[in-house]
Amino acid sequence: MSSLAVRKAAPAAGTTPGTAQGPPRRRRIALVPTVFLPGTGFTDNIKDLNAYRDGVYWKWMGNSALYAGLGALLSTAVSAFSGYALAIYRFRGRETVFNILLAGVLMPPVILAIPQYLLMAEADLTDSYASVLLPLILSPYGVYLARIYSAAAVPTDVVEAGRMDGASELRIFTRIALPMMVPGLVTVFLFQFVAVWNNFLLPYIMLSDDEKFPITLGLFTLLEQGSNTPALYTLVVTGALLAVVPLVALFLVVQRFWSLDLLSGAVKS
């Protein structure tokens, strides 16, 4: 017998013995989609979430959509009118009003939570949808953004031309200024929608009926109950993941307004 031993070829660097060797780039690409795929228990977690208290999770999601959608629309409308007025019109005390708005931007919302609750209690509106919606209508930051964008996007010459043609101030705003302000107002709407969707303190103070809870407060109650029922922690994690999906979808929808604005600006220049 020959004394020469048969040696097995050594595996290539960076590979594991006994595994098929393929192009490293292809293996990395295949690994990345695998990492982001949901686990086998994801669908079971969604079923458990749907079954919890006859689907109260989706009631919370609907409440959040109502608070964020309607609240952001009303806040954007108020911001549009206020920002346009502060940017176009010249009146006594305009800068004082604007400085007060800037102070409101710097003020933490927690400072206003208790006074807002007392006002809603005086009006007998606590534990109602209005108690969460009404304080959200006026957004100092939204008015600030609308004022800055109106001053930059709406030329005063165009406004004066509309007045010379006999158009009313409301018609000038709705037909001339508002279309120019759309990209800025979309930004205001998006910021306000995200702020209201993630809002926790105001509903926590105003609401006691869990049927009116937004998703943030609903998941918080599940998290509190998880100390006695650990299985609820899985529902909290799954619910938090699903709660991010509407925000991502909204951003993908509204981003085209920014793209169109940039393209139109490039064409005009």
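Quick caveat: nothing in here was measured; it's all calculated off a predicted structure.
Within 6.0 Å of the OH atom in Tyr117, the count of heavy atoms belonging to other residues, nucleotides or ligands does not exceed 12. Atom OH of Tyr144 is surrounded by 12 or fewer heavy atoms from other residues, nucleotides or ligands within 6.0 Å. Counted within 6.0 Å of CG on Asp165, heavy atoms from surrounding residues, nucleotides or ligands total more than 12; the atom is thus considered enclosed. By the 6.0 Å contact criterion, CG on Asp54 is open, its count of non-hydrogen atoms from other residues, nucleotides or ligands being 12 or less.
Side chains of Asp210 and Trp60: no donor on one and acceptor on the other come within 3.5 Å.
Within the structure, the salt bridge (charged side-chain N to carboxylate O under 4.0 Å, His left out) test picks out the following pairs touching residues 88-101 (sequence neighbours left out): Glu95-Arg147.
Evaluation of the ring-ring contact (aromatic ring centres under 6.0 Å, His included) rule for Tyr67 yields Tyr129 as partners, not counting sequence neighbours. For Val182, the side-chain contact (heavy atoms from CB on, under 4.5 Å) partners are Val186, Phe257, not counting sequence neighbours. Val237 meets the side-chain contact (heavy atoms from CB on, under 4.5 Å) test with no other residue; sequence neighbours excluded. In terms of the side-chain contact (heavy atoms from CB on, under 4.5 Å) criterion, residue partners of Val159 (sequence neighbours excluded) are, by chain and number, Tyr84, Ile88, Val154, Arg163, Ile172. Partners of Asp48 under the salt bridge (charged side-chain N to carboxylate O under 4.0 Å, His left out) rule, at least two apart in sequence or in another chain, do not exist in this structure.
Separation of the Tyr57 and Tyr52 ring centroids does not fall under the 6.0 Å cut-off.
Without hydrogens or angle criteria, Trp197 side chain to Ala243 main chain gives a donor-acceptor distance under 3.5 Å.
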